[in-house]
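What follows is a short report on a single structure.
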Amino acid sequence: MLEVNNIRKNKDIAVAGLQKRGIVNAEEILDEIIRLDDERKNTQTQSDKILNELKTASKEIGDLYKSGKAAEANAKKAMVGDLKQESTVLEDKLKSVVIQLEEKLLEVPNVPNEIVPAGKTEDDNIIEQDWTSELPHLPESALPHWDILTKYDIVDFDLGVKIAGSGFPLYKGKGAKLQRALIQFFLDEAIAAGCLEILPPHLVNEDTARGTGQLPDKEGQMYHVTKDNLYLIPTAEVPVTNIFRNEILQEDALPYKLTAYTPCFRREAGSYGSDVKGLNRVHQFDKVEMVVVSKPENSYEILDEMVDHVKQLLEKLNLPYRILRLCAGDLGFTSAITYDFEVYSAAQKKWLEVSSVSNFETFQSNRMKIRYKNTDGKSELVHTLNGSVLALARIFAAILENNQTENSVEIPEILKPYTGFERIN
RNA sequence: GGAGAGUUGGCCGAGUGGUCGAAGGCGCACGCCUGGAAAGUGUGUAUACUCCAAAAGGGUAUCGAGGGUUCGAAUCCCUCACUCUCCGCCA
């Protein structure tokens, strides 16, 4: 959620940024927001004034009763009736204006950072860092990962279907162990980079889902446990960022760097075809996430660190990757800037998105009221960032495809201490 | 799932209809005292919105959340959430 005061102060920047996202009438929308906010202030001032009169009158009535002037008190009571009516009208108006303002604000996405390229679709994304070495060439007989899974019997989709439904893979034997090894490896690396590990609840309540913006608009993307009104998390970002909801943090405690492994549940059915085949897109997958809460002036430095962290992971895993700087049109609603990481899956001959690192600036913290006290003793909104490090299912797929030989899959060197075996065969 | 007891400021804790944003204590900050420290002592110590060009200074709201009664609610009534104790079930 954008800050109204910021919109007032930097309207030109906001208009230009939103137009970059393709919102042609950005200025109109922002003007409407400012108008509603003016109305809100106005109404509140009026309402406060009436309330003050009411309060004063009530005190006087109390005093009159005490001094035994019941008749005067009763007369005053009658007069207060009008004030009350007036106050009710104003309060209703205030409520409705606040709701309208909030609704408008919720419709407006974050203002992209100035280095975010203009553009409408993924074709306009900038390749920030390309893979400069040669891409791996596999023999004609090379298999896509969904065939490798079957060949070595390490992931069983049919059993997943039997137990849950389509899109719920069941990992077996060395498959399960490789998955667990990756999780462990990613967590260890994140902890070594200074993160505090969190193991959060995998179901969250409504307030939490609202905090990170899954509700109200993306309701359909989450599994909803209606009986208890809880939602299965679509990413660890949801429970972990909400740790800080409505908190005022100490400046010297910042930045908070957290990491968490969780399964992620996504309802979105998606289309059928090779894009969603195998592990490319599933309803449940594992992911290690990093969440950072920082002072505004440090957030871009931290963003770079996070990008660097993911880069190093991919290099350690020996996977060909590239980094995209998303264009304004492809940017997530809440993000000011996002870098996507894609890994080359050699048998599918396709780049797969495995990580997305974003700075939300104050967009999330404004909605969640995450603040810190600065040295002047004033509260300010923090910046929030997050990134996947990494999304497991696709990394798993890429490892299988890129490291396959005639009759095995070789485990990347760095993972061997974690798996305890050197190849899948 | 059944029965009962709770939820007050950073923390502890008082407060059963008015003068209560809230006693008292602890903690914290600053000052005095001291050679320095402790003790002692004094002052201050929430958040949001808002009025004012700004500062100073006002106003409004907030005692788990939401609604209600009343001229007036931390205090009375209703609904919900959470915590604790006992019983049941259970990894």
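Not measured: the values here are computed from a predicted model. Because only heavy atoms are used, hydrogens play no part in the values below, and waters and symmetry mates are left out as well, while side chains stay in. Just so it is clear: chains get the letters A, B, ... in the order the sequence lines come, proteins before strands, and each one is counted from 1.
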Self-check item: Within residues 36-50 of chain A: residues closer than 4.0 Å to RNA chain B (heavy atoms)
Solution: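 Of all residues in residues 36-50 of chain A, the ones placing a heavy atom under 4.0 Å from RNA chain B are A/Arg40, A/Lys41, A/Gln44, A/Thr45, A/Asp48.
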Practice problem: Enumerate the residues from residues 73-86 of chain A whose closest heavy atom to RNA chain B is under 4.0 Å, giving them by residue number; use none for an empty result. | Solution: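 Heavy-atom cutoff 4.0 Å gives A/Lys77, A/Val80, A/Lys84.
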Quiz item: Could one point to a donor on the side chain of A/Lys373 or the base of B/rU47 with an acceptor on the other under 3.5 Å away?
Solution: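 It does not, because no donor-acceptor pair links the side chain of A/Lys373 to the base of B/rU47 below 3.5 Å.
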Quiz item: What is the nucleic acid contact for A/Ile248, judged by heavy atoms within less than 4.0 Å: base, sugar-phosphate only, or nothing?
Solution: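 The residue A/Ile248 makes sugar-phosphate contact but no base contact.
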Quiz item: Looking for any heavy atom pair under 4.0 Å, which part of the strands does A/Leu51 touch: base, sugar-phosphate only, or nothing?
Solution: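 A/Leu51: backbone/sugar contact only, no base atoms under 4.0 Å.
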Practice problem: Using atom CD of A/Glu247 as one end and atom P of B/rA48 as the other, report the distance to the nearest whole Å. | Solution: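 Computing the A/Glu247:CD to B/rA48:P distance gives 13 Å.
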Quiz item: A/Lys369 NZ to B/rU62 P: how many Å, rounded?
Solution: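 Atom-to-atom, A/Lys369 to B/rU62, this comes out as 19 Å.
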[X]-[Y] side chain donor-acceptor pair, cut-off 3.5 Å:
X        : Y        : value
A/Glu197 : A/Tyr261 : no
A/His145 : A/Glu401 : yes
A/Glu189 : A/Gln184 : no

Quiz prompt | Heavy-atom side-chain proximity of A/Met306 to A/Met290 below 4.5 angstrom | solution =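 Sidechains of A/Met290 and A/Met306: in contact.
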Quiz item: What is the pairing partner of B/rG10, taking Watson-Crick or G-U wobble pairs with both distances under 3.5 Å in any strand?
Solution: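 With both distances under 3.5 Å, B/rG10 matches B/rC26.
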Quiz item: B/rU70 phosphate, OP1 or OP2: any side-chain N/O from A/Ser58 under 4.0 angstrom?
Solution: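 No, A/Ser58 has no side-chain N/O under 4.0 Å of OP1/OP2 on B/rU70.
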Exercise. Give a yes/no on whether any side-chain N or O of A/Asn52 is located under 4.0 angstrom from OP1 or OP2 of B/rU60.
Key: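 Yes, within the criterion.
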